[in-house]
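Here the structure comes first, spelled out in structure tokens, and everything after it is commentary.
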Amino acid sequence: MSGFRSPHCGSLGASDDRLEVDLYGWVARRRDHGGLIFIDLRDRWGAVQVVFNPTKAPEAHAAASELRAEYVVRVKGVVGRRPAGSENPRMATGEVEVTASELEVINKSETTPFPIEDQEEPDEKTRLEHRYLDLRRPRMTRMLELRSRVNKLIRDYMDREEFIEVETPILTRSSPSGARDFLVPSRLHPGSFYALPQAPQMLKQLLMVSGVQRYYQIARCFRDENLRADRQPEFTQLDVEMSFCDEEDVFSLIEGLFSELWREVLGVELKTPFERMDIKESLLRFGTDKPDLRYDLEIADVGSVLAGTKAQIFRSALDAGGVVRGMRVPGGRDLARRDLDELVTVAKGAGGKGLAWLPGSSIDKFLSAEELAGIMSATGAGDDDLVLLVADRRRKAETVMGLIRQEVARRRHLIREDEWKFLWINPTYLFDEDDAGKLTYAHHPFTRPFEDDMSFVEDRPYDVRAHAYDIVLNGYELGGGSLRIYDPTMQERVFQLLGMPLETIRDRFGTLLRAFTYGVPPHGGIAPGIDRIVMMLGGTDNIRDVIAFPKTQSMSDLMLGAPSGVDPAQLEELRIRVVPPPNPST
RNA sequence: GGUCCCGUGGUGUAGCCUGGCCAAACACGCGGCCCUGUCAAGGCCGAGAACGCCGGUUCGAAUCCGGUCGGGACCGCCA
């Protein structure tokens with residue numbers, strides 16, 4: 001077998017005229033004319049037409065009539081320009097064809113469970129069950145290549161910027177970020193467990209104490225949380241941490257990286273620096289912390305206009321401390337009742353109570369002329385425009401409006417599909433409210449607050465800004481990070497504000513805090529998600545398309561059948577006993 | 001934990017709302033035969049699904065109802 005060094009089917013062209021070749025690949029298609037037989041021979045690089053001529057090579061021709069789709073074959077022959085008029089401009093190799101002299105069937109193939117082609121996609125279940133065949137489809141092969149290329153571009157770039165790649169353990173310890181851990185039982189320490197890293201957060205900070213100064217890693221991360229179209233339980237981050245840096249250093253590093261990726265992969269020049277926006281502004285105007293700025297719809301607060309309103313839905317929301325938000329739909333007066341009903345369904349699907357609109361829904365008769373005018377002016381609505389309104393608790397109203405904004409843009413084709421709207425969400429805020437209404441950290445407890453803002457932390461803790469940032473592109477959060485606290489006094493202050501017991505602090509963050517007593521440099525970092533970057537570059541809206549062997553929404557691997565039961569002896573050795581679920585299904 | 005969509009031959013769809021004309025249609029694929037310039041090759045012939053599963057309503061269910069399993073989108077969750 002010498003196929004490894006033989007020319008690639010997909011890379012042949014006019015310059016290979018009269019080249020004798022020894023080709024290896026899969027039969028993509030067979031066109032049998034009784035006399036001539038054509039096959040398209042495919043390898044990773046593409047496909048080329050092979051001709052079997054009964055008069056020139058009778059044996060090969062006879063063998064070729066037995067060929068079927070996806071047979072693995074070796075073809076010896078000569079590359080030649082196609083006869084005038086029979087070139088195929090739709091094929092990359094369409095100027096040439098290979099006239100076969102010998103054919104060897106290396107392996108036959110059963111009829112595949114779905115066609116190996118890009119035109120029609122079988123459903124997700126079938127694709128995942130036979131992922132090895134799904135990846136054979138040119139589109140998926142391109143995704144694998146793209147991802148590999150992105151990884152290389154990243155490594156080259158980070159190397160040029162004098163970062164070093166350091167690998168951190170996969171068997172590690174539960175970390176301070178908020179997701180559920182995947183646990184791995186320890187055989188040598190029965191009853192103890194390793195956790196798979198949610199991110200190498202603490203380790204990369206420790207590497208700063210080690211004096212690495214510029215660290216990166218293409219790091220696999222694990223989070224046992226529910227899946228989404230852009231979320232898998234295991235995913236890959238470009239984990240970055242650097243010493244003696246400020247935000248601008250992080251921003252320009254990442255802007256440089258994205259510029260390089262977009263230039264090299266897509267030939268697109270990005271405008272830098274990227275736009276920046278305060279998180280609160282983003283939530284108000286766009287209803288999300290990862291706004292898609294490729295369309296201009298904006299949300300407005302109309303609460304003040306309705307402060308004295310008698311309209312029940314608004315009255316009760318405002319009285320309960322909630323908000324009323326409105327959005328103008330340009331030219332939206334032409335929306336059919338059916339469209340509006342569907343928007344209401346979207347709102348309810350997001351957990352909202354509903355959706356009102358002006359003019360038209362029954363609420364306008366409960367609004368005064370001043371209120372109506374006020375809403376129109378607050379949302380900037382004109383005579384042809386419709387205004388959509390949501391009244392709810394602030395966070396819920398934002399979510400609902402954010403989704404409505406997305407849906408309206410999609411339905412009315414307002415999205416400028418060719419744009420790349422990068423955005424830094426910065427600054428953000430140090431604290432957040434937990435379910436019980438108590439102060440909690442918005443990022444993690446090492447996030448550095450704005451020094452000056454600490455003067456009013458007692459009175460208005462939620463207004464304390466943090467040196468934290470997210471990088472957003474076209475409605476996707478590509479990554480986030482922060483500058484970290486390096487001053488022990490500041491760190492103590494934050495822990496104290498969070499009301500964390502000393503015991504908890506020592507248990508969860510002890511290693512880092514001890515390390516910090518030995519001379520810690522100011523440092524900060526960021527972690528862009530590589531899966532999502534590849535999604536963007538690959539033009540797909542699904543993370544499964546950029547992961548070779550992804551899991552389903554219920555976290556199964558349909559190909560391998562994972563997760564699965566294990567041999568009782570294994571459990572025995574690990575000293576684990578499985579307790580049946582409280583409500584056994586029978 | 002919740003809401004919504006989907007599940008029909010190997011694949012993709014139609015049929016389902018408005019039950020009987022559906023042991024189910026179309027295209028691709030598959031098998032056979034014919035065909036020397038096609039490239040989604042073409043022509044002719046043929047095989048292949050009781051409609052995810054269980055139960056109910058009904059004289060009658062792919063079609064209606066309930067449950068269940070599986071896939072997907074979203075909210076919560078997760079940066």
Side-chain angles (χ1 to χ4, degrees), chain A residues 28-40 47-56 61 68-70 82-91 93-94 97 99 110-130 133 177-180 198-199 201 221-233 235 237 279 289-290 342 345-352 395-396 399-400 402-403 406-407 425 428 432 435 442-444 468-472 476-482 526-529 532 541-542 544 551-554 556 558 585-586:
Chain A
R29 233 170 208 115
R30 180 179 60 114
R31 293 177 292 281
D32 188 342
H33 288 232
L36 290 180
I37 296 172
F38 299 94
I39 65 167
D40 294 335
V48 68
Q49 172 164 286
V50 178
V51 195
F52 295 91
N53 189 318
T55 59
K56 291 183 184 162
H61 179 270
R68 296 293 182 272
E70 302 309 317
R82 294 193 186 191
S86 67
E87 300 88 352
N88 184 352
R90 288 189 306 168
M91 220 171 161
T93 61
E97 63 190 6
T99 303
E110 297 292 321
T111 302
T112 52
F114 51 84
I116 309 301
E117 59 176 34
D118 288 342
Q119 283 71 283
E120 275 176 356
E121 291 220 324
D123 72 31
E124 203 69 30
K125 189 182 176 212
T126 313
R127 291 176 63 192
L128 292 178
E129 278 167 357
H130 306 272
L133 293 179
S177 54
R180 212 173 276 118
Q198 298 180 17
Q201 183 59 42
C221 304
F222 305 85
R223 290 177 194 167
D224 188 3
E225 294 295 342
N226 292 323
L227 284 73
R228 287 288 187 282
D230 62 351
R231 264 164 46 186
Q232 281 274 308
F235 59 101
Q237 286 188 337
I279 177 77
D289 56 1
K290 41 181 173 22
E342 283 168 2
T345 307
V346 171
K348 287 189 172 157
R395 204 46 272 248
K396 180 56 73 183
T399 302
V400 171
L403 286 167
Q406 231 176 57
E407 188 64 23
I425 295 292
T428 63
D432 217 344
D435 298 331
H443 309 273
H444 61 76
Y469 31 80
D470 280 351
I471 177 74
V472 170
Y476 287 88
E477 183 205 307
L478 292 188
S482 63
I526 188 165
R532 289 181 188 166
D541 57 7
N542 199 299
R544 291 185 300 273
K551 305 226 177 349
T552 66
Q553 195 156 65
S554 55
S556 300
L558 296 180
S585 53
T586 34

Subject >> Residue A:Asn88, side-chain heavy atoms: nucleotide from B:rG37, B:rC75, B:rA40 that is nearest >> reply: B:rA40
**OP:** From the options B:rC78, B:rG37, B:rA40, select the nucleotide whose nearest atom is closest to the side chain of A:Glu225.
**Re:** B:rC78
Original post:
Now, which nucleotide makes the Watson-Crick or G-U wobble pair with B:rC64, with each of the two distances under 3.5 Å?
Top reply: B:rG56
Original post:
Does a donor on one side chain sit under 3.5 Å from an acceptor on the other, for A:Arg31 and A:Gln49?
Top reply: yes
**OP:** Could you please name the partner base of B:rG48, counting Watson-Crick and G-U wobble pairs only when both distances are under 3.5 Å?
**Re:** none
Original post:
Planes under 30° and centres closer than 5.5 Å, is that true for A:Phe38 with the base of B:rU38?
Top reply: yes
Subject >> Pair partner, B:rG42 [Watson-Crick or wobble, under 3.5 Å] >> reply: B:rC34
Subject >> Nearest-nucleotide 5' precedence on RNA chain B, A:Thr111 against A:Asp470 >> reply: A:Thr111
**OP:** Could you check which of B:rG72, B:rC74, B:rC39 has an atom nearest any side-chain atom of A:Ser86?
**Re:** B:rC39
**OP:** Give A:Lys290 one of three labels, base, sugar-phosphate or nothing, depending on what nucleic acid heavy atoms sit under 4.0 Å from its own.
**Re:** nothing
Original post:
What nucleotide, of B:rC74, B:rG70, B:rG1, holds the atom closest to the side chain of A:Asn226?
Top reply: B:rG1
Subject >> Ion pair check, A:Arg30 and A:Asp32, cut-off under 4.0 Å >> reply: yes
**OP:** Could you say whether the aromatic ring of A:His33 and the base of B:rG42 stack, counting only centre distances under 5.5 Å and plane angles under 30°?
**Re:** no
Original post:
Of the nucleotides B:rC75, B:rG37, B:rG72, which has the atom closest to the A:Leu403 side chain?
Top reply: B:rC75
**OP:** Among the candidates B:rA73, B:rA41, B:rG12, find the nucleotide nearest to the side-chain atoms of A:Arg29.
**Re:** B:rA41
Original post:
Which residue, A:Gly481 or A:Arg68, contacts RNA chain B at a nucleotide closer to its 5' end, judged by nearest heavy atom?
Top reply: A:Arg68
**OP:** Would you classify A:Leu558 as touching base, sugar-phosphate or nothing, given that sugar-phosphate means primed atoms plus P, OP1 and OP2, and contacts are heavy atoms under 4.0 Å?
**Re:** sugar-phosphate
**OP:** Please determine, for B:rU3, whether a Watson-Crick or G-U wobble partner exists with both distances under 3.5 Å, and give it or none.
**Re:** B:rA73
**OP:** Once you apply the 3.5 Å cut-off to both distances, tell me the Watson-Crick or G-U wobble partner of B:rG10, or none.
**Re:** B:rC28
**OP:** For the side chain of A:Thr126, starting at C-beta, report the closest nucleotide among B:rC39, B:rU11, B:rC35.
**Re:** B:rU11
